[in-house]
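Read the structure below first, then the notes.
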Amino acid sequence: RNHIQPMKAFVYEGVRPQPNTEIWYTNGSTTTATTAYHTDGFGDATIVSNTYDEDDEHWIIAFDREVTTIDMWTFYGCNMTSVTLPCGIISVGTRAFYSSAITTVLIPESVTDIGSEAFSYCGNLKHVYCKPITPPTLGNVGSQMFYRNDPELKIYVQASDDDSILNAYKGAWSWRNYKNYIFEEE
C-alpha cells in the first residue's frame, strides 16, 4: 500500500467547524493580514472582515455569504503560508494562488474543478490535502497545476480500503502527471 503519514494537516482539531463563509489561513504574522490580490474574486461573496483569531491562532477572511468559487488570480503572489478553503467551494480558478507563499493547502470535498496553473510557481508548496473523492477536473494546462513547486511536494488523498481513491487520482487526466507525488492519508 502507498500510505504515508503526512505532516500535521492545516485542520483545527477541537476548534469549531469551519463555516462555508470563511477562509482560514496563516501567514507567519499575528498583526498583519494578507490581502487578496483581487478582493472581488469570490463569485457573489463579498469580504466583510479579515481578522486574527488569537485563540485558534489563524486568520479568518469572512464573507457575507457562502463562497463557491475563487476566481483567477485572486491570491496571486500572496504571503499566506497555510490555507484551508471553505467547505462548499466548487471551483478554484486559473492561477488562483499563482506565485504565492503557501506551503500547505486543504482542498475540501466539494471542489469539482481546479483551473490551469492554480498552484503553479508556489515554490514552497509541500503539502496538498485534496479531500474530493472524485478527482477534480483540471484546466487546459492541468499538467502544470503544480508547476515549479517544491520538489518534495506531496498530494494527500483520502484513504480507502481498496485504494480506489488513490488509483482514481493516479489515473485521472493530468493528475497522472503527479502520480509519484500522490499518497493516501492515514
Side-chain angles (χ1 to χ4, degrees), residues 9-12 16-27 33-51 53 58-122 125 127-149 153 155-158 165 168-169 172-175 177-178 182:
F10 188 67
V11 176
Y12 298 96
R16 66 182 169 78
Q18 179 186 12
N20 295 349
T21 56
E22 295 179 356
I23 293 175
W24 293 355
Y25 70 93
T26 60
N27 66 4
T34 294
T35 304
Y37 184 72
H38 289 296
T39 56
D40 61 349
F42 305 97
D44 294 334
T46 301
I47 297 173
V48 294
S49 66
N50 190 351
T51 56
D53 183 325
H58 65 266
W59 288 89
I60 300 171
I61 300 174
F63 298 87
D64 64 344
R65 64 189 60 166
E66 181 177 3
V67 178
T68 58
T69 185
I70 295 179
D71 295 333
M72 77 171 29
W73 298 100
T74 298
F75 289 110
Y76 166 74
C78 282
N79 67 337
M80 297 174 161
T81 51
S82 296
V83 179
T84 298
L85 300 179
C87 299
I89 194 165
I90 297 167
S91 72
V92 177
T94 298
R95 297 185 178 136
F97 289 89
Y98 190 87
S99 192
S100 70
I102 59 173
T103 60
T104 304
V105 63
L106 189 144
I107 300 169
E109 276 188 51
S110 55
V111 172
T112 60
D113 180 62
I114 300 175
S116 298
E117 301 180 273
F119 300 99
S120 287
Y121 288 91
C122 298
L125 183 58
H127 304 280
V128 176
Y129 295 89
C130 203
K131 298 298 186 175
I133 292 171
T134 301
T137 302
L138 303 182
N140 294 340
V141 192
S143 61
Q144 293 184 357
M145 184 170 77
F146 299 111
Y147 186 67
R148 296 280 174 129
N149 290 338
L153 173 69
I155 303 165
Y156 302 107
V157 299
Q158 292 189 46
I165 298 170
Y169 274 86
W173 181 82
S174 284
W175 286 99
N177 294 316
Y178 302 102
I182 301 173

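A quick note: this is a predicted structure, and the numbers were derived from the prediction, not measured. Values reported hereafter were calculated over all heavy atoms of this structure, with side chains retained and with hydrogens, waters and symmetry mates removed.
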Contact check, side chains of [X] and [Y], non-hydrogen atoms, under 4.5 Å:
X    : Y    : answer
L106 : V83  : no
V105 : Y129 : no
V92  : T74  : no
T68  : I89  : no
D71  : F42  : no
W59  : T34  : no
I61  : E22  : no

Grab the two heavy atoms, one from [X] and one from [Y], that are nearest each other, plus how far apart they are.
X    : Y    : value
L125 : F119 : CD2-CB, 3.9 Å
I114 : I107 : CD1-CD1, 4.1 Å
T21  : E66  : CG2-N, 3.6 Å
C87  : P108 : CA-CB, 4.0 Å
G139 : S116 : C-OG, 3.2 Å
T35  : C78  : O-SG, 3.4 Å

Set of side-chain contact (heavy atoms from CB on, under 4.5 Å) partners for T134, sequence neighbours left out: none
For [X] and [Y], indicate whether the former's side chain and the latter's backbone hold a donor-acceptor pair under 3.5 Å.
X    : Y    : result
Q158 : K131 : yes
N149 : C122 : yes
W175 : P136 : yes
N79  : N27  : no

Residue of the set T81, T84, T104 for which side chain to side chain donor-acceptor pair (under 3.5 Å) holds with T26: T81
Plane angle bin for F146 and Y178 - parallel if under 30°, tilted between 30 and 60°, otherwise perpendicular: perpendicular
Parallel, tilted or perpendicular: rings of H127 and Y156 (30°, 60°): parallel
OH (Y76) with more than 12 external heavy atoms under 6.0 Å: no
Please round to the nearest 0.5 Å and tell me the distance separating atom [atom1] of [X] and atom [atom2] of [Y].
X    : Y    : atom1 : atom2 : result
Q144 : S174 : CD    : OG    : 9.5 Å
S91  : I70  : OG    : CD1   : 8.5 Å
I182 : I155 : CD1   : CD1   : 5.0 Å
D53  : W24  : CG    : CH2   : 8.5 Å

CA sep, side-chain torsions, deciding dist, call: I60, I23, side-chain contact (heavy atoms from CB on, under 4.5 Å): CA-CA 6 Å; I60 300 171; I23 293 175; over 6 Å; no
Y25 side chain to N50 side chain, donor-acceptor N/O pair below 3.5 angstrom: yes
side-chain hydrogen bond (donor to acceptor under 3.5 Å, both in side chains) involving D113 - partner list, sequence neighbours excluded: none
W73 ring center near H38 ring center (under 6.0 Å): no
Qualifying side-chain hydrogen bond (donor to acceptor under 3.5 Å, both in side chains) pairs, either residue in residues 93-103, two or more places apart: R95-E117
